[in-house]
Amino acid sequence: MASDFDRRRFIQAAGITGIAGLAGCTGGPEGSSDDGSSDDGSSDDGSSDDGSSDDGSDGSGSSDDGYNVGMVYALGGLGDESFNDAAQRGIIDAAEDFDVSYDESQPADAGEFSQFQRLYAESTDPDYDLVASIGFAQLDALTETAPDFPEQNFLLVDDQLDEPNVASYQFSEEEGSFLTGALAALLTQQSFSAGAGETNTDASRIGFVGGVDAPLIRKFQAGYEAGAAYVSEDVEVSTSYVGDFTDPSGGQEAALSMIGSDVDIIYHAAGGSGVGVFQAAQDEGRFAIGVDSDQSLTEDDFDDVILASMVKRVDRAVYESVENVVNGEFEGGSQVLLGLEEEGVSCVYGNAIGDDIPQEVKDEVDSVRDEIIAGNIDVPTDPDDV
Amino acid sequence: MSRSRPGAVRARIESLLRRFAGISGIDRVLIAFAALGLSVLVGFFIVLGSGRVAECSTAAWTMPITGLGFCYDPFEVFFVLFNGALGGPFYVWEPGILNPEWLPITLPWLGFMPGWSPFNNAFALTMSETTLLVFTGLSVAVAFRAGLFNIGTQGQLVVGALLTALVVVALAPLFPANRVGGVILIAIGVLAGAVGGGLWGAIPGALKAYADANEVITTIMLNFIAANVAYVLVLEVFRAEGSSVVATADVPEYAQIGPWLFPPTGDFAEAALLIGLVSLVGLYLFLEHTSLGYDLRVSGIQPLAAEYSGVNAKLTTVRAMTLSGALGGIGGSIWVLMSEGRWVESIPDLGFDGITVSILAGNNPLGVLPAAALFGVLKGGALQVGFQTDVPPELVGVLRGLIILFVAMPEFFRLIGKRLVPDEPEATRGGDGKDGDGVGGTAAVDDGGEASA
């Protein structure tokens, strides 16, 4: 009996402590109640600038007459500081500017793409005006889903699908990557140091780390290699594929082995695996180039080694198509290609060390950019054509 | 309490374990349900806690009396988890517990779908996961019964799936493009998967039998080898023209296992579950009622005794691993022919989940079905939670893990109890030999008490 009594007292104490702990927590819904603890110190994670739409979504009850958008993210999910987060910025911006509420889903494996697309398409409460499929890996799922729901508008980012109810947005990744390739090739040939990194003057080698060996990622590689070759024939480019977009340690391994063979600037198109590339560059005192978002901002722990980022305006694709839906101008079957000229892709210098890059290098990159836009440079999309 | 003598603590642990070891039959089912309830209760507080820490603009749930707001509604989470897995037959916040438009059987081909019918996409996902886990669960269970810990079901599944996809795609032109040709192709495909998985499973079996290589290590390594070799093969050789992902060409529509009653958009086919149930009953009969199955179980319980009584232990090891691999390979075939329609690089972790399914089932083939069904419900429900609520997928993963942990723990203690605690002295029951799980050893409990002295 005595031990039972002890146990009961323990449970009581634990329960009280637990509830007190819960009550003491900051955060929680804002202004939901009268407990006054909603001071919340606001969103210190910095991933999105205001707390109101943080983990976002539904709020669908609040604006029934507005528009509803269903977001199906790529594997890796939100918080990748790269591709998916860029798409989320687009929908957050759209939700601020228009009467749009949105719901988000993060598939855990490729088999769930079609499940989520279908759930949004079938949903009647609310009725979704647009289902945004983010990422090229959703093409196959959408190829099956879209014809089953002819009345449903779909957005596909990063690949194209010829269906009357699908708007496809693609980017000329090879053009943006051409610029990063040119930048890396120019810098690796000179003695340059900034932030925590410096170039290796023994050799002129740069590297590329891809996520998955897919045609889309090869476009990054092709542009990068071509850009380097355009600047100088003497620059060697090593290439490696991690095999995964969510494997930072794999990215780090790949980058470390490159750095071990005298590579000093590494460009990654590896989503979440790219963090490992940054880590390797920082550990070894070399440079890295980010992708999709301005990663010197989103991964600011590594801003002392991120020279630049090949920014891909996924947010713009999302924003634009939502805008089209709101304005009644959504064009199913349309295929939009956003390149350098449309500012769908660009080479953005790093926030911390971008200023240290010599002006003549920047001028050279700018002139390459102008040449591409003018159509004077033929940028390949397949590494075999470099 | 804290000043208890080590001996007393030890006696207590022993008596507890003995109690776990003693339970069986209906008690185990009741305990599983009680554990399920308890895990929901604990999960409830985890949802509350994380709902308090998270930030959101409006409260999903406000606690009565205290007025505290929470970002996630724990009632909704668990309701959606279990209700959503079935496609939502129940209304709770609307009047009435059952969906008012509920019809017991609504056949899709009648052209109307008023309200809920059991044949919906959400339930199809649940059933599809269940079906696949029946195969991988059986695969792990049969090896367990032979005293082998097969971690390699995942690799065997990958190989079986790849072989199925390649063989069916290659042979498709030889057969008429109709239902008959399709059935032949499916049969060939499943056979190919069984052969592929079986051979892949035989490798660690042979290594164990003839080279004394620990099967845990070899099967783990073979998982990596299978995944990466398959990946490279498909990437370099068998990749479908113009595919953006690493995948083989599609198996023709007529050679896929299609549903009878469920909507064709879902990933589930009743025929596949039927194959699973036949394998399940067949494996049970094989283990319990054939001499080969007896050999297998005996070498699992006491290999030396088996050898002494004339069982060829080496050959039995290879046989068990081959059978285990073949079942994993069939799982891969079904995944290709029922769910995916092709081999694609992102294969779900069915083989690893099969280990948990098997442990949940106490390594008994008959228990594999309910254990797989629990996993299926959690899989189908998790998708609905992700869709219908704001709860992040990571939290749903925590809840799933919690439920599995709670339901598996009593079973785990039972296995440990049977292994470590000698039978009660007063009732000297000779080993009941009902569930074979490893070699009996009694040494491990002896060092339990000393530490706190």
Side-chain angles (χ1 to χ4, degrees), chain A residues 2-3 6 18-19 21-23 25-35 37-38 40 42-43 51-59 62 75 77-78 103-112 114-116 118-120 122-123 136-137 139-140 144-145 148 158-159 212-216 243, chain B residues 1 4 45 48-49 51-63 66-71 121-122 125 128 227-228 231 235-236 242-247 250 265-267 335 339-342 344-349 379-380 382-384 386-394 396-397:
Chain A
S3 70
D6 282 347
I19 288 175
L22 279 181
C25 283
T26 54
E30 293 159 20
S32 61
S33 57
D34 46 2
D35 68 295
S37 76
S38 50
D40 77 52
S42 150
S43 49
S52 67
S53 41
D54 244 355
D55 47 1
S57 87
D58 75 349
S62 60
L75 295 184
L78 293 173
D103 192 83
E104 300 172 311
S105 293
Q106 305 174 50
D109 61 62
E112 290 186 6
S114 64
Q115 302 280 352
F116 278 118
R118 208 168 275 283
L119 282 172
Y120 283 119
E122 280 173 351
S123 165
F136 70 91
L139 172 69
D140 297 288
E144 288 183 22
T145 311
D148 289 348
D158 256 9
D159 213 325
V212 170
D213 193 349
L216 178 84
Chain B
M1 277 299 287
S4 298
F45 286 104
L48 271 191
R52 191 65 204 149
V53 178
E55 290 177 13
C56 54
S57 48
T58 49
W61 187 67
T62 311
M63 188 184 269
T66 60
L68 280 178
F70 296 90
C71 283
N121 272 318
L125 177 66
S128 148
N228 289 309
Y231 179 84
L235 178 72
E236 300 292 341
S243 171
S244 57
V245 291
V246 179
D250 278 336
T265 48
D267 282 341
W335 178 71
S339 298
E340 210 60 40
R342 58 181 178 165
V344 61
E345 160 252 337
S346 55
I347 293 184
D349 286 341
K379 165 90 176 175
L383 187 92
Q384 295 291 330
F387 178 67
Q388 291 182 26
T389 72
D390 287 347
V391 176
E394 292 79 7
V396 183

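Every chain is numbered from 1, with letters handed out A, B, ... down the list of sequences.
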Novice: Which value, rounded to the nearest 0.5 Å, describes the distance between Asp103(A) atom CG and Asp390(B) atom CG?
Specialist: 7.0 Å
Novice: Which distance, rounded to the nearest 0.5 Å, do you find between the CG of Asn121(B) and the CG of Leu119(A)?
Specialist: 8.0 Å
Novice: What part of Ala108(A) lies closer than 4.5 angstrom to a heavy atom of chain B: side chain, backbone, both or neither?
Specialist: neither
Novice: Compare every heavy atom of Gly386(B) with every heavy atom of Ser105(A), then report the nearest pair and how far apart it is.
Specialist: OG-O, 4.0 Å
Novice: Roughly how far, to the nearest 0.5 Å, is CG of Asp109(A) from NZ of Lys379(B)?
Specialist: 4.0 Å
Novice: In Å, rounded to the nearest 0.5 Å, how long is the span from CD of Gln384(B) to CD of Gln115(A)?
Specialist: 8.5 Å
Novice: Taking side-chain contact (heavy atoms from CB on, under 4.5 Å) as the definition, give me every residue that meets it alongside Asp140(A), ordered by chain and number, with sequence neighbours left out.
Specialist: Ser244(B), Val245(B), Arg342(B)
Novice: Under 4.5 Å heavy-atom distance to chain B, tell me which part of Asp159(A) shows up: side chain, backbone, both or neither.
Specialist: side chain
Novice: Check each atom of Leu235(B) against the heavy atoms of chain A and say whether the ones under 4.5 Å are side chain, backbone, both or neither.
Specialist: side chain
Novice: Which label fits Tyr120(A) and Phe387(B): parallel for a plane angle under 30°, tilted from 30 to 60°, or perpendicular past 60°?
Specialist: perpendicular
Novice: Please classify the contact between Asp250(B) and chain A as side chain, backbone, both or neither, with a heavy-atom cut-off of under 4.5 Å.
Specialist: neither
Novice: Is Ser123(A) in contact with chain B via its backbone, its side chain, both, or neither, using a 4.5 Å heavy-atom distance?
Specialist: side chain
Novice: So, for Gly243(A) and Glu345(B), which heavy atoms are closest and what is the spacing to 0.1 Å?
Specialist: O-OE2, 4.2 Å
Novice: Ignoring hydrogens, what is the shortest heavy-atom contact between Val212(A) and Tyr231(B)? Give both atom names and the distance.
Specialist: CG1-OH, 3.8 Å
Novice: Which residues pass the side-chain contact (heavy atoms from CB on, under 4.5 Å) test with Glu144(A), sequence neighbours left out?
Specialist: none
